[in-house]
A.B. asks: 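After the structure tokens below, expect a handful of questions from me.
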Amino acid sequence: MLSLAEALGLLLPAARIIADRETVPTLAANGRVLAEAQTSRLDVPPADNTQMDGYAVRAADCAAGNAVLTVSQRIPAGHVGQPLQPGTAARIFTGAMIPDGADAVVMQEVCVTHGDSVTVNHAPQPGEWIRRAGEDIRAGSVILPAGTRLRSQELGLAASVGLATLPVLRRPRVAVFFTGDELAMPGETLKPGAIYNSNRFTLRALLENLGCEITDYGIVPDSLEATRDTLRRAAAGHDLIVTSGGVSVGEEDHVKPAVEAEGRLNMWQIAIKPGKPLAFGEIPRAGAAAPAYFLGLPGNPVSSFVTFLLLVRPFILRLQGVEQVAPRTFMMRADFSWPKPDRRNEFLRARMNADGGLDLFPNQSSGVLTSTVWGDGLIDNPPGQAIAQGDMVRFIPFDALLT
């Protein structure tokens, strides 16, 4: 069996970065991936300005600590003041430009006004409470590299330098379908032996979190011909096909022979629990030079969920040109014991407790979907590693995997 690192080492280099790009309004770019680096055309801030409400002064005029100065002008944000004359102060408001001649700002809380004058009960140092031009961003500097997945922070940064539009990669086009005559949809009456298709809802939501355009072919009947037909239709116009179930070697498992008949397939046994089976291949696309990728996941709901997070998620991010695809992990204290580890790399569902440690969900079966709702993330437990209460373990929060 392949280790997770070995599987990713085979999977990620195979991903062809989507070449198509488009320009979108910055307001509509949340979750998109930058196609090219963005450079600022201006300094931010563009001019020296005040960090707070107060008085712009010459520091030398206030050296005694109780200077009485004439208030010569009032400068709100968005207005340009007149040069400050010696022995005077300018009433100034947060964000307003520092007038020529002033070299410090004194907060209003240490000043007392009386008529047209102000007593400054403080001896400021030059530069006090002044934001310098360009202290955040210098004109000509790269503010966002290519491959950046745009969040609220990046959009605000782009707007701060006046970028009204951004060049982004086309969203990944992903087709999904689900095999199994036993599958039913919520709202339908369950026949004997049937189960509701939870994987359809889980995988679609995971793909939406990654900004994919999704075509859902629904539940495909358990027949080789129906599976091959769906694969051909799914390959057309899509970058990736994702399925769950049907990739083992049973007589009713038709995905594996269908993919082999239509294209190319690699079956990998991954040394992880839950998970293990992963199918990776390619299906030719009519009229296209490059084929569509195929990723077949296990049918058990937790196995499908975890395998997606660990393998499909980084693959889709790499398709989008994202370089850093590994999730952030944290070392945390185990407030439980795990005395009988598996020979595979286990990913245990756990949640943080009020004491700063981790509690373990009592049933770690691959069919217990409630563990993914109860938990805050996954403990990455190495093969054969027992856990004693108080041990430090590697924890991957779901927040790092679901966004």
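No hydrogens, no waters, no symmetry mates; every other heavy atom, side chains included, goes into these values.
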A.B. asks: Check whether any side-chain heavy atom of Thr202 lies under 4.5 Å from a side-chain heavy atom of Pro301, and answer yes or no.
C.D. replies: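 Side-chain contact under 4.5 Å: no.
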A.B. asks: Is Asn345 reaching over with its side chain to a backbone N or O of Asn381, donor-acceptor style, under 3.5 angstrom?
C.D. replies: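 Such a contact is found between Asn345 side chain and Asn381 backbone.
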A.B. asks: Angle class for the Phe280/Trp268 ring planes (parallel below 30°, perpendicular above 60°, tilted otherwise)?
C.D. replies: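 Tilted: the ring planes of Phe280 and Trp268 meet at 30° to 60°.
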A.B. asks: Taking Arg131 as the fixed residue, which of Asp136, Asp48, Asn49, Thr94 is the one that meets the side chain to side chain donor-acceptor pair (under 3.5 Å) rule?
C.D. replies: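 One option only clears the test, and that one is Asn49.
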A.B. asks: With a 4.5 Å heavy-atom cut-off, do Val220 and Asp229 have their side chains touching?
C.D. replies: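 No, every pair of side-chain atoms sits at 4.5 Å or beyond.
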A.B. asks: Where is the tightest heavy-atom contact between Val306 and Phe347, given as atom of each residue plus distance?
C.D. replies: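 Closest approach of Val306 to Phe347, heavy atoms only: CG1-CB, 4.3 Å.
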A.B. asks: Using the side chain to side chain contact (heavy atoms under 4.5 Å, CB included) definition, which of the options Leu163, Thr148, Ile137 pairs with Leu157?
C.D. replies: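 That would be Ile137.
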A.B. asks: To the nearest 0.5 Å, what is the distance between CG (Asp239) and CZ (Arg16)?
C.D. replies: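 Going from the CG atom of Asp239 to the CZ atom of Arg16 covers 8.5 Å.
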A.B. asks: I need the Ile98 CD1 to Ile130 CD1 distance, nearest 0.5 Å.
C.D. replies: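 The distance works out to 4.5 Å.
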A.B. asks: Would the number of heavy atoms belonging to other residues, nucleotides or ligands and lying under 6.0 Å from CZ of Arg328 be above 12?
C.D. replies: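 No - once you tally the heavy atoms of other residues, nucleotides and ligands closer than 6.0 Å, there are 12 at most.
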A.B. asks: Does the Asn197 side chain pair with the main chain of Arg200, one donor and one acceptor, at a distance under 3.5 Å?
C.D. replies: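 It does hold such a pair.
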A.B. asks: Does NZ or CZ of Arg91 fall inside the cone over Tyr55's six-membered ring, less than 6.0 Å from its centre and within 45° of the axis?
C.D. replies: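 Yes, a cation-pi geometry holds between Arg91 and Tyr55.
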A.B. asks: At their closest point, which heavy atom of Ser160 faces which heavy atom of Val44, and how far apart are they?
C.D. replies: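 Looking at all heavy atoms of both residues, the shortest contact is O-CG2, 3.6 Å.
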A.B. asks: Salt bridge check: are Glu154 and Arg151 linked by an N-O gap of less than 4.0 Å?
C.D. replies: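 Between Arg151 and Glu154 there is a salt bridge, with a charged N closer than 4.0 Å to a carboxylate O.
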A.B. asks: CD1/Ile241 to CZ/Phe294 distance, rounded to the nearest 0.5 angstrom?
C.D. replies: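 It comes to 7.0 Å.
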A.B. asks: Would you say that more than 12 heavy atoms from the other residues, nucleotides or ligands in this model lie under 6.0 Å from the CD of Glu6, or not?
C.D. replies: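 Count over threshold, so yes.
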A.B. asks: Testing the basics here: between Val106 and Pro124, what is the closest heavy-atom pair and its distance to 0.1 Å?
C.D. replies: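 The answer is CG2-CG, 3.8 Å.
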A.B. asks: Can you give me the closest heavy-atom contact between Cys62 and Leu69, atom names plus distance?
C.D. replies: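 Shortest heavy-atom contact: SG-CD1, 3.8 Å.
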A.B. asks: Would Ile387 and Leu348 count as a side chain to side chain contact (heavy atoms under 4.5 Å, CB included) here? Give the steps.
C.D. replies: CA-CA 11 Å; Ile387 301 173; Leu348 307 171; 4.2 Å; yes
A.B. asks: Just to verify, what does Ala400 make a side chain to side chain contact (heavy atoms under 4.5 Å, CB included) with, not counting sequence neighbours?
C.D. replies: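 For Ala400 the side chain to side chain contact (heavy atoms under 4.5 Å, CB included) partners, ignoring immediate neighbours, are Pro327, Pro397.
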A.B. asks: Using ring centroids (six-membered ring only for Trp), state whether Phe398 and Phe305 fall under 6.0 Å.
C.D. replies: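 Yes: the rings meet the under 6.0 Å criterion.
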A.B. asks: Between Thr26 and Leu155, what is the shortest heavy-atom contact and its length?
C.D. replies: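 The pair with the smallest heavy-atom distance is O-CD2, 3.6 Å.
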A.B. asks: Evaluate side chain to side chain contact (heavy atoms under 4.5 Å, CB included) for Leu144 paired with Leu150, printing each intermediate quantity in order.
C.D. replies: CA-CA 9 Å; Leu144 296 170; Leu150 299 168; 4.2 Å; yes
A.B. asks: How long is the straight-line distance from CD of Gln51 back to CD of Glu128, given to the nearest 0.5 Å?
C.D. replies: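 Rounded to the nearest 0.5 Å, the CD-CD separation comes to 10.0 Å.
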A.B. asks: State, to 0.1 Å, how close His114 and Thr119 come at their nearest heavy-atom pair, and which atoms those are.
C.D. replies: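 Shortest heavy-atom contact: NE2-OG1, 2.7 Å.
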